[in-house]
Structure formats: C-alpha cells, structure tokens
Protein chains: 2
Amino acid sequence: MVTMTAAQRREDERERFNVFVSTCPSRTLLERLSDKWVSLVLCALDGGPQRYGELRSSIAGVSQKMLTQTLRNLEADGLVLRTVTPEVPVRVDYELTELGRSLQVVLSGLKQWAETNVPEILEARERYAAANG
Amino acid sequence: MVTMTAAQRREDERERFNVFVSTCPSRTLLERLSDKWVSLVLCALDGGPQRYGELRSSIAGVSQKMLTQTLRNLEADGLVLRTVTPEVPVRVDYELTELGRSLQVVLSGLKQWAETNVPEILEARERYAAANG
DNA sequence: CTGGATCCCCGTAGATACTG
DNA sequence: CAGTATCTACGGGGATCCAG
C-alpha cells in the first residue's frame with residue numbers, strides 16, 4: 001500500500017459517507033437536520049443565548065414537547081449548549097456551539113431562500129391548481 | 001416622514017415574510033422544504049433528469065407513496081418538472097426547474113455539511129451518552 | 001413561576017397488495 | 001413501469017402532572 005496523497009484521502013473521505021445509502025450515518029444525520037423545528041431553533045439562537053421560554057415564544061406554534069425534544073437532540077449532537085442556572089425559578093439558557101454555528105450558516109441560507117421565493121412558489125401553485133383539479 | 005409610493009409599499013410587504021410567524025406562507029414553505037425526502041430528491045435530480053424507478057432505487061429506503069407524494073408537491077411548487085412519455089410501458093421523467101436548481105444549491109450545502117461533520121457529531125453523541133445515562 | 005416529564009388521542013408515514 | 005388503495009403503527013400535539 002502506497003502512501004495516499006491529500007487528494008486521494010479527500011476522495012476516500014467523501015465516499016465513506018453517502019446520504020443516499022439508508023444505513024449511512026450521514027443519512028440519518030441529514031434526516032435529523034431536515035426537521036422543521038431544527039432550522040427554526042438554530043436560526044432563533046443565531047442572535048445569541050436564549051432562555052427556554054424565549055425560544056418558545058419566538059418560535060410561534062412549537063409545542064413544549066417538540067421544543068424540548070429538539071433541544072435535547074441538538075445538545076446531544078453537540079450543536080447546542082444547555083446551561084442550567086439554579087435560581088428560583090430555575091433558569092435554562094441555550095446557545096449555539098461552534099459546530100452549531102457552522103450549521104446555522106447553512107440553514108439560514110434555506111430560511112432566506114424560503115422567505116425570498118415565496119411569491120414564485122405561490123404563483124406556481126396557482127398555475128398547478130388551475131391546470132389540474 | 002415621507003410618503004411611500006405604492007411600489008415601495010409592495011416591496012415592503014414582500015420583505016415582511018417571516019418564518020417565525022406560524023401563519024406566514026414562508027413558514028409553511030420552510031416546513032415543506034425541511035422534509036427528509038425533499039433534500040434527497042433534489043440532490044438526486046442534480047445530475048439531470050431521472051425516471052421514477054431510477055429515483056426510487058437511487059434514494060434507498062423511500063416508499064412509493066412518499067416518493068410520489070414528494071414529487072407531486074415539488075411539481076406543484078414549480079421546483080420539479082414532470083414529463084410523461086406515452087410509451088408502452090409508460091415513461092415518466094422528472095427534472096429540476098430553474099427554481100428547483102436554485103434551491104438544490106442550498107440543500108446540497110446541507111447534504112455536504114452532514115457528510116462532512118458526521119465524525120464530530122458521532123463523537124459529541126458519545127460524550128453526551130457518557131456524561132448522561 | 002419556569003422548565004420539563006407523562007399520558008392519551010389522532011394524523012400521517014410506511015409496508016403491502018393491487019391496477020392502468 | 002408508475003403509480004393508487006388499504007391497513008397498521010409510530011410519532012406529534014395538547015392536557016395534565018411534577019420538580020425546584
């Protein structure tokens with residue numbers, strides 16, 4: 001076995017993880033990130049640390065259960081840091097980690113795309129509805 | 001305070017789309033895009049038009065139902081073009097529209113991020129599991 | 001009072017079988 | 001080949017309860 005060049009190693013890395021293989025860890029990761037609450041939570045935390053209640057009110061429509069569940073998953077994946085301050089009442093703050101910030105950049109692109117292209121999408125839906133039943 | 005023109009007001013309205021409002025169209029759009037199959041389908045179509053069966057086999061683990069449903073939604077939103085060729089047996093091709101390609105760029109960034117950062121995430125999960133139950 | 005766990009109900013994803 | 005139809009099972013939403 002000859003020593004690998006950096007390029008070969010990079011190629012090898014790329015082929016180790018493939019989202020199109022259903023058993024690949026990158027696939028399950030992509031599925032977790034492709035969650036409607038994940039992008040909202042990460043974008044909400046973009047402005048800095050927030051308390052649980054702040055997140056809950058800034059992300060309209062989220063249930064306690066899903067917000068807690070999403071935050072726990074993000075914490076376990078090292079994307080969010082959870083800090084408990086034992087005051088009365090208890091205070092829990094959430095903030096992005098370095099890894100979380102790098103993901104937030106990508107997801108804010110998706111958020112931006114959605115907010116920008118709403119009109120085109122709505123027009124397309126009307127055309128589709130008119131053409132079909 | 002200067003008077004707004006109608007055009008300015010319309011422009012202002014356009015920029016008011018906010019994903020954090022649960023009733024905002026951009027929010028429901030973001031939720032549709034934040035679907036685990038959407039990113040996979042769009043990335044699969046990045047290489048060019050594909051038949052239904054090709055998509056089904058390239059995206060391992062997708063059910064006929066969800067693939068059809070996802071493709072129909074993407075078609076209705078103007079992101080994917082569906083072409084039926086009345087051969088025997090019938091041939092159905094799917095390809096990205098211009099709008100779909102612009103979204104694919106964003107989603108492939110997410111795919112790339114997932115494939116790149118799998119190791120960090122797995123390590124974080126182990127640390128979390130070790131620290132907690 | 002904040003943050004979160006638990007229970008129950010319902011919608012929807014998913015597997016299977018069938019059709020133009 | 002490219003879908004529809006049907007059934008079941010899992011996961012999200014809401015109410016309720018719990019700890020600090």
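These numbers come from a predicted model, not from an experiment. Order of the sequence lines sets the chain letters (A, B, ...), proteins ahead of strands, with each chain counted from 1.
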Checklist entry - Can you check the B:Glu75 CD to D:dA2 C1' distance for me, whole Å? => result 14 Å
Checklist entry - Do B:Arg82 and B:Leu71 pass the side-chain contact (heavy atoms from CB on, under 4.5 Å) test, and can you show the C-alpha distance, the side-chain angles, and the key distance before you say yes or no? => result CA-CA 8 Å; B:Arg82 180 173 179 265; B:Leu71 287 167; over 6 Å; no
Checklist entry - Within this structure, what is the CD-to-P distance between A:Glu31 and D:dG11, rounded to whole angstrom? => result 12 Å
Item to check | Student check: side-chain heavy atoms of B:Leu107 and B:Leu40 closer than 4.5 Å | outcome: no
Checklist entry - Base, sugar-phosphate alone, or nothing: which one does B:Arg51 contact when heavy atoms must sit under 4.0 Å apart? => result sugar-phosphate
Checklist entry - Between atom CG in B:Asp93 and atom P in D:dG3, what is the gap in whole Å? => result 10 Å
Item to check | Sugar-phosphate only, base, or nothing, as touched by A:Arg56 at under 4.0 Å among non-hydrogen atoms | outcome: nothing
Next on the checklist: Strictly below 4.0 Å: does B:Tyr94 bring a side-chain N or O up to OP1 or OP2 of D:dG3?
Outcome noted: yes
Item to check | Pairwise side chain to side chain donor-acceptor pair (under 3.5 Å) hits with a residue in residues 42-67 of chain A, at least two apart | outcome: A:Tyr52-A:Thr68
Checklist entry - Nearest to the side chain of B:Ser63 - D:dA2, C:dG14, D:dG14? => result C:dG14
Item to check | Taking every non-hydrogen atom, the tightest pair across A:Glu120 and B:Leu99 | outcome: CB-CD2, 4.1 Å
Checklist entry - Within the pair A:Lys65 and C:dC8, is there a side-chain N or O less than 4.0 Å away from OP1 or OP2? => result no
Checklist outcome for this item: salt bridge (charged side-chain N to carboxylate O under 4.0 Å, His left out) filter on A:Arg32, not counting sequence neighbours, yields A:Asp77
Checklist entry - Partners of A:Asp93 by salt bridge (charged side-chain N to carboxylate O under 4.0 Å, His left out), sequence neighbours excluded? => result A:Arg91
Item to check | Length of the CG-P vector between B:Leu71 and D:dC1, whole Å | outcome: 17 Å
Checklist entry - For C:dT12, does either OP1 or OP2 sit under 4.0 Å from a side-chain N or O belonging to B:Trp37? => result no
Checklist outcome for this item: the helix from C:dC1-D:dG20 to C:dG20-D:dC1: angle between terminal helix axes, five bp per end, to the nearest 10 degrees, reads 30°
Checklist entry - Under 4.0 angstrom, heavy atoms only, what part of the nucleic acid is A:Val88 near: base, sugar-phosphate, or nothing? => result nothing
Checklist entry - DNA chain C: B:Pro89 or A:Thr68, which has the more 5' nearest nucleotide? => result A:Thr68
Checklist entry - Just how far, in rounded Å, is P of D:dG14 from CG of A:Leu67? => result 13 Å
Checklist entry - Do any side-chain nitrogens or oxygens of A:Gln64 fall under 4.0 Å of OP1 or OP2 in C:dA5? => result no
Item to check | Comparing A:Glu87 and A:Val62 on DNA chain D - which has the more 5′ nearest nucleotide | outcome: A:Val62
Item to check | salt bridge (charged side-chain N to carboxylate O under 4.0 Å, His left out) against A:Arg101, all qualifying residues, sequence neighbours excluded | outcome: A:Glu98
Checklist outcome for this item: B:Met66 CE to C:dT12 C1', in whole Å, measures 8 Å
Item to check | Non-neighbouring partners of A:Glu87 that pass salt bridge (charged side-chain N to carboxylate O under 4.0 Å, His left out), sequence neighbours left out | outcome: none
Next on the checklist: In this structure, how many angstroms lie between the C1' atom of C:dC1 and the CZ atom of A:Arg91, rounded?
Outcome noted: 14 Å
Checklist entry - Just to confirm, is there a sub-4.0 Å distance from OP1 or OP2 of C:dA5 to any side-chain nitrogen or oxygen of A:Arg72? => result yes
